[in-house]
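One structure is given here, and the rest of the page talks about it.
No experiment lies behind these values; they were computed from the predicted model shown.
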Amino acid sequence: MESGTSSRNNRHAVIRKDSSWFAQFRNGRNPWMARYVYALIFLFSNLLAWAARDYGHGALSELEKLRLCAGKSDCSGAEAVLRVSLGCSIFFIIMFLSTVGTSKLHDPRDLWHSGWWSAKIVLWIASTILTFLVPSEFIRIYGEIAHFGAGVFLLIQLISIISFITWLNDCCLSDENAERCHIHVMVIATSAYVICIVGIILMYIWYTPETSCLLNIFFITWTLVLLQVMTSVSLHPKVSAGYLTPGLMGLYVVFLCWCAIRSEPAGESCNRKAEASKRTDWLTIISFVVALLAIVIATFSTGIDSQCFQFRKGEKDGEDDVPYGYGFFHFVFATGAMYFAMLLVGWNTHHTIQKWTIDVGWTSTWVRVVNEWLAVCVYLWMLVAPIVLKYRQNAEESS
């Protein structure tokens with residue numbers, strides 16, 4: 001009887017827990033579902049910024065006649081992108097300030113983060129509209145700040161990617177999974193290296209049609225050298241990190257090199273792909289849409305990855321702890337809005353951007369190249385840091 005009563009009580013407890021979860025979901029208070037709503041807001045803001053850049057000249061000219069766009073600028077093109085981006089950043093900064101430090105699901109700030117959608121939609125719309133009322137000088141200042149914010153976003157994304165790669169490697173090489181995952185690690189690492197080599201060969205074919213393309217030759221060759229350096233350091237006896245991490249990092253580095261060369265402006269003889277992109281065809285449109293969705297997904301995945309930025313990693317999560325850092329989540333989206341604005345204007349607010357293009361210009365190229373080199377430096381430091389710190393500690397103890 002006691003056993004039956006205990007089982008019935010357990011079932012009732014589970015039912016109550018499920019009912020509570022369903023009630024939160026129905027009332028729009030589920031933090032897991034809230035992530036997707038914020039991602040949709042971010043996506044709509046970016047779509048609005050793109051539409052204002054490429055097709056908003058007529059609508060914005062009407063705003064100028066109504067004097068809703070302050071200042072002497074035309075409030076179109078790059079300035080329209082910055083205004084929409086500012087509205088999105090303001091919204092997520094407000095959410096960051098109002099949710100940072102939230103740790104428990106019973107905190108009132110959890111209700112604000114996961115609910116009150118009508119009020120937050122009004123807040124987002126109002127912040128976007130109000131940015132078209134501020135003077136153009138303020139927008140120029142925001143453009144300079146957006147350069148810094150976009151750099152912060154790239155750094156956060158870089159650390160998140162490297163942390164995921166090292167976590168995956170540690171998981172596969174752990175005592176529990178080493179024997180079972182041995183074949184999988186070899187297959188994934190081999191495939192990664194093959195793709196890297198094929199990618200480098202294709203870049204030589206596509207982007208160095210002439211021997212005078214010294215800059216592209218340097219970018220591609222240096223990427224191959226960095227791939228070799230990462231592999232050598234990872235396989236050093238004192239490091240022993242294996243093939244998996246340098247292979248996956250190689251994929252990321254080759255991808256960044258490809259993005260950098262693809263960002264070279266049209267008209268360059270060494271980038272015939274860019275010359276072909278002058279024609280707005282279905283492939284150009286699909287590439288733009290894929291790039292847009294990839295940025296939204298990258299921002300979303302980086303925003304929920306607050307674990308790799310915690311200083312106290314040994315603590316276990318309680319049942320009533322929030323599933324991810326709300327403040328960090330909104331901060332990533334705020335800097336992500338700045339990053340997307342920089343992509344739409346090619347990191348330069350003073351030159352014209354062609355329709356259906358994203359992240360094009362020499363400034364964009366060098367931002368990608370520096371990001372690639374920084375990624376390799378951060379990865380190598382994560383490999384050698386334990387050895388360097390241990391050596392310094394032993395030196396201090398011996399002295």
Side-chain angles (χ1 to χ4, degrees), residues 150-174 178 181 184-200 203 218-261 263 294-295 297-299 301-311 313 328 332 335-336 339 365-392:
V152 172
F153 174 81
L154 285 175
L155 182 60
I156 294 175
Q157 186 182 57
L158 171 62
I159 296 175
S160 177
I161 291 174
I162 295 178
S163 298
F164 170 76
I165 292 175
T166 55
W167 169 84
L168 180 62
N169 184 69
D170 294 340
C171 182
C172 294
L173 297 181
S174 62
C181 297
H184 301 81
V185 170
M186 292 300 297
V187 171
I188 295 175
T190 303
S191 301
Y193 277 104
V194 170
I195 295 174
C196 288
I197 299 301
V198 172
I200 289 175
M203 284 192 291
F218 168 72
F219 288 158
I220 301 170
T221 305
W222 187 244
T223 299
L224 183 61
V225 171
L226 293 178
L227 179 61
Q228 177 63 40
V229 170
M230 290 190 297
T231 303
S232 301
V233 174
S234 179
L235 296 179
H236 193 276
K238 292 185 178 181
V239 178
S240 298
Y243 285 97
L244 183 60
T245 53
L248 296 179
M249 275 300 299
L251 287 177
Y252 182 56
V253 167
V254 170
F255 172 74
L256 289 177
C257 179
W258 175 75
C259 290
I261 299 177
S263 297
I295 295 169
I297 294 173
T299 307
S301 60
T302 304
I304 61 176
D305 186 23
S306 58
Q307 296 295 326
C308 62
F309 295 91
Q310 290 183 353
F311 296 99
K313 299 181 181 291
F328 178 80
V332 168
T335 56
Y339 172 67
T365 297
W366 282 105
V367 167
R368 293 291 187 183
V369 169
V370 172
N371 189 26
E372 174 192 348
W373 298 346
L374 180 61
V376 175
C377 292
V378 172
Y379 171 73
L380 293 177
W381 171 247
M382 292 182 69
L383 291 179
V384 303
I387 301 174
V388 174
L389 296 178
K390 183 177 180 180
Y391 175 79
R392 291 182 58 184

Is there a side-chain contact between [X] and [Y] in this structure, where contact means two heavy atoms from C-beta onward sitting under 4.5 Å apart?
X: L155; Y: I159; result: yes
X: L154; Y: L158; result: no
X: Y243; Y: Y193; result: yes
X: R368; Y: T365; result: no
X: V378; Y: I162; result: yes
X: I195; Y: V254; result: no
X: C257; Y: V253; result: no

For the student: nearest non-hydrogen atoms of [X] and [Y], plus distance:
X: L380; Y: M230; result: CD2-CA, 4.1 Å
X: L227; Y: C196; result: CD2-CB, 3.9 Å
X: C259; Y: S263; result: O-OG, 2.8 Å
X: P246; Y: S234; result: CD-OG, 3.5 Å

Is there a donor-acceptor pair closer than 3.5 Å between any side-chain N or O of T221 and the backbone N or O of F218?
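Here the side-chain-to-backbone pair does not exist.
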Treating T335 as the side-chain partner and V332 as the backbone partner, does any N or O pair qualify as donor plus acceptor under 3.5 Å?
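Side chain of T335 to backbone of V332: a pair is present.
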Measuring from atom [atom1] of [X] to atom [atom2] of [Y], what distance do you get when rounded to the nearest 0.5 angstrom?
X: D170; Y: I165; atom1: CG; atom2: CD1; answer: 12.0 Å
X: L226; Y: M249; atom1: CG; atom2: CE; answer: 9.5 Å
X: W366; Y: F219; atom1: CH2; atom2: CZ; answer: 4.0 Å
X: S163; Y: L168; atom1: OG; atom2: CG; answer: 12.5 Å

Evaluate M203 against I200 for side-chain contact (heavy atoms from CB on, under 4.5 Å), listing each step before the verdict.
CA-CA 5 Å; M203 284 192 291; I200 289 175; 4.3 Å; yes
Would T223 and L256 count as a side-chain contact (heavy atoms from CB on, under 4.5 Å) here? Give the steps.
CA-CA 9 Å; T223 299; L256 289 177; over 6 Å; no
Evaluate the ring planes of W258 and F255, with Trp represented by its six-membered ring, and classify them as parallel (under 30°), tilted (30 to 60°) or perpendicular (over 60°).
tilted
Could you go through the side-chain contact (heavy atoms from CB on, under 4.5 Å) check for T245 and Y379 one step at a time?
CA-CA 9 Å; T245 53; Y379 171 73; 2.9 Å; yes
With a 6.0 Å cut-off (strictly less than), is the heavy-atom count around CH2 of W222, excluding the residue itself, greater than 12?
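Result for CH2/W222: open.
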Applying side-chain contact (heavy atoms from CB on, under 4.5 Å), run through H236 and L383 and close with a yes or a no.
CA-CA 10 Å; H236 193 276; L383 291 179; over 6 Å; no
